[in-house]
Amino acid sequence: MSTDLHDAPEPIRSATSARSAASAARSAADPAAPPPPGLTPAAVATLHELVIDWFDAHARDLPWRRPDAGAWSVMVSEFMLQQTPVARVLPVHAEWLARWPRPADLAAESPGEAVRAWGRLGYPRRALRLHAAAGAIAHRHGGEVPGSHAELLALPGVGEYTAAAVASFAYGRRHIVLDTNVRRVFARVVGGVEHPPNATTAAERRTAEGLLPADEATAARWAAATMELGALVCTARSPQCGRCPVAALCAWRLAGSPPHAGPPRRGQSYAGTDRQVRGRLLAVLRASREPVPQAALDAVWHEPVQRARALDGLVEDGLVEPLADGVYRLPH
DNA sequence: CAGCCGTGGCA
DNA sequence: TTGCCAAGGCT
């Protein structure tokens with residue numbers, strides 16, 4: 001146990017305080033936060049030990065987790081893993097790190113090259129934001145990925161989760177790391193329900209803070225371990241409770257694994273949406289090293305109004321650069 | 001803050 | 001087959 005617990009007085013903030021400051025305050029976990037209701041400090045300590053021991057035995061050997069992986073590798077992985085499965089990220093992450101081993105290397109490229117190298121990971125605006133973040137790191141941070149949550153949060157494409165993840169995984173800092181996996185694990189083990197709320201709540205942050213180990217290195221381990229548990233065992237569909245190290249302590253399990261009550265969880269529609277059209281348009285542009293004539297883009301979608309709206313949106317987002325004479329290319 | 005932003009695998 | 005889901009962020 002750490003003996004240098006210090007008080008972290010809640011800063012008084014006006015309603016107009018900056019988003020980054022407010023988020024940083026939220027994620028800077030209070031070492032004195034109480035355990036969640038119904039859990040004794042001893043139970044929390046048991047939870048830590050069981051989950052971290054399980055992690056030591058079952059963690060996947062992922063490139064961005066290896067001892068020689070730098071903060072840049074971690075940061076690239078976190079961008080790519082935003083809403084994209086690990087299996088699809090692995091090859092692209094390897095390509096990126098080999099091609100752009102430092103943030104400045106990526107920053108020296110055109111944004112279009114980042115979008116092209118993003119391939120089919122999806123949500124290509126992430127490639128643009130990562131490219132912009134690399135530029136900010138190169139120019140404002142001496143080429144080194146910053147280690148503080150606030151500085152990370154100021155980078156494009158870095159939100160509360162990614163800032164905490166990079167600070168924790170790359171720098172061993174103590175932060176609550178609330179991704180979809182961790183939120184689901186806590187919803188079940190502590191909350192006794194099958195699924196967390198749609199959006200992260202203050203109650204979830206309090207729970208996470210109450211569970212966060214006081215010791216910095218243990219906290220970072222805990223963050224990775226709870227995330228891995230959610231990814232491999234405590235999955236959204238058909239969880240493997242028989243392989244769960246904390247099944248005996250799980251509130252959801254102890255309650256008989258009741259199915260999700262509440263309103264149905266909203267899914268993402270896709271077929272026929274602008275997103276699908278944008279995807280097809282960008283696929284054509286990624287595949288061509290030369291600027292693409294309008295006719296080639298027109299061929300991907302039958303409906304002209306939606307097609308034009310999608311293309312306009314891509315241009316608006318900076319993913320496509322219009323040239324003269326109705327010719328388009330990825331941005332230079 | 002609810003809706004938008006890609007893509008593909010799997011139950 | 002179709003819906004659900006995957007290490008979110010931004011407006």
Side-chain angles (χ1 to χ4, degrees), chain A residues 19-20 23 27 59-60 62-65 73-93 115 118-130 132-133 152-170 175-185 194-202 220 223-232 234-240 260 263-286 300 309-310 312-314 316-320:
Chain A
R19 182 182 72 92
S20 60
S23 295
S27 122
R60 290 168 293 180
L62 301 172
W64 45 87
R65 278 186 188 156
S73 175
V74 173
M75 184 167 172
V76 170
S77 79
E78 290 302 335
F79 269 75
M80 292 182 170
L81 288 164
Q82 290 169 5
Q83 301 285 281
T84 302
V86 167
R88 226 178 304 162
V89 164
L90 285 169
V92 185
H93 178 269
V115 172
W118 197 253
R120 304 186 67 80
L121 288 182
Y123 292 146
R125 292 189 295 186
R126 291 181 294 165
L128 234 38
R129 292 177 185 144
L130 181 49
L152 287 162
L153 196 56
L155 298 172
V158 177
E160 187 178 342
Y161 160 75
T162 301
V166 173
S168 181
F169 302 153
H175 290 285
I176 60 169
V177 180
L178 274 180
D179 80 320
T180 186
N181 291 307
V182 177
R183 295 180 59 220
R184 186 175 53 251
V185 169
E194 184 178 17
H195 295 297
N198 282 327
T200 305
T201 64
T226 48
M227 194 174 303
E228 190 78 338
L229 186 63
L232 297 184
C234 193
T235 51
R237 286 175 295 190
S238 48
Q240 310 292 304
H260 178 66
R265 316 169 66 218
R266 66 178 188 283
Q268 331 154 346
S269 58
Y270 181 65
T273 63
D274 286 7
R275 294 159 70 188
Q276 183 178 24
V277 185
R278 287 167 58 108
R280 290 192 183 184
L281 291 170
L282 211 53
V284 171
L285 290 157
R286 274 198 312 264
V300 308
R309 185 174 63 234
D312 285 349
L314 289 171
E316 179 70 22
D317 290 344
L319 284 163
V320 172

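Below, chain A is the first sequence line, B the second, and so on; all start at residue 1.
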- Starting at CZ of A:R126, measure out to CE of A:M80 and round the result to the nearest 0.5 Å. 8.5 Å
- If you round to the nearest 0.5 Å, how far is OH of A:Y161 from CE of A:M227? 3.5 Å
Please state how far atom [atom1] in [X] lies from atom [atom2] in [N], giving the value in whole angstrom units.
| X | N | atom1 | atom2 | answer |
| --- | --- | --- | --- | --- |
| A:F79 | B:dG6 | CZ | P | 16 Å |
| A:E194 | C:dC5 | CD | C1' | 13 Å |
| A:R88 | C:dA7 | CZ | P | 12 Å |
| A:M80 | B:dG8 | CE | C1' | 17 Å |
| A:R129 | B:dC5 | CZ | P | 12 Å |
| A:D274 | B:dG3 | CG | P | 16 Å |
| A:L281 | B:dC5 | CG | C1' | 14 Å |
| A:E78 | C:dA7 | CD | C1' | 5 Å |

- Message: For A:V89, run the side chain to side chain contact (heavy atoms under 4.5 Å, CB included) check against A:L62, A:L81, A:V76 and tell me which one passes.
- Response: A:L81
Select base, sugar-phosphate, or nothing to describe what [X] touches, counting heavy atoms under 4.0 Å on all strands.
| X | answer |
| --- | --- |
| A:S238 | nothing |
| A:W118 | nothing |
| A:A165 | nothing |
| A:R183 | nothing |
| A:L282 | nothing |
| A:D317 | nothing |
| A:L62 | base |
| A:R286 | sugar-phosphate |

- Of A:G157 and A:R60, the one whose nearest nucleotide on DNA chain C sits closer to the 5' end is A:R60
- Nearest-nucleotide wise, let me know which of A:A199 and A:L314 is further upstream toward the 5' end of DNA chain B. A:A199
With rounding to whole Å, what would you report as the distance between [N] and [M] at their [atom1] atoms?
| N | M | atom1 | value |
| --- | --- | --- | --- |
| C:dT1 | B:dG6 | P | 25 Å |
| B:dC4 | C:dA7 | P | 23 Å |
| C:dA6 | B:dC5 | C1' | 15 Å |

Checking contacts here: which listed nucleotide ([options]) is nearest the side-chain heavy atoms of [X]?
| X | options | answer |
| --- | --- | --- |
| A:D179 | B:dG6, C:dA6, C:dG8 | C:dG8 |
| A:R184 | C:dA6, B:dG6, C:dG9 | C:dA6 |
| A:N181 | C:dA7, C:dA6, B:dG6 | C:dA7 |

- Look only at the side chain of A:R120 and the backbone of A:A283, and say whether a donor-acceptor pair between them is shorter than 3.5 Å. no
- For A:L232, does its backbone N or O pair with a side-chain atom of A:Q240 as donor and acceptor, under 3.5 Å? no
Hey, is the side chain of [X] poking within less than 4.0 Å of OP1 or OP2 on [N], counting only N and O atoms?
| X | N | value |
| --- | --- | --- |
| A:R120 | B:dG8 | yes |
| A:T162 | C:dG9 | yes |
| A:Y270 | B:dT7 | yes |
| A:Q83 | C:dA6 | no |
| A:R275 | B:dG8 | no |

- Mind running side-chain contact (heavy atoms from CB on, under 4.5 Å) on A:H175 and A:F169 for me, showing each step along the way? CA-CA 10 Å; A:H175 290 285; A:F169 302 153; over 6 Å; no
- Message: Between C:dC5 and A:R237, counting only base atoms on the nucleotide and side-chain atoms on the residue, is there a donor-acceptor pair under 3.5 Å?
- Response: no
- Query: Any N or O donor-acceptor pair linking the side chain of A:T84 to the base of B:dG8 at under 3.5 Å?
  - Reply: no
- Message: Please determine whether side-chain contact (heavy atoms from CB on, under 4.5 Å) holds for the pair A:H93 and A:W64, giving the CA-CA distance in whole Å, both sets of side-chain angles, and the decisive distance to 0.1 Å.
- Response: CA-CA 9 Å; A:H93 178 269; A:W64 45 87; 3.7 Å; yes
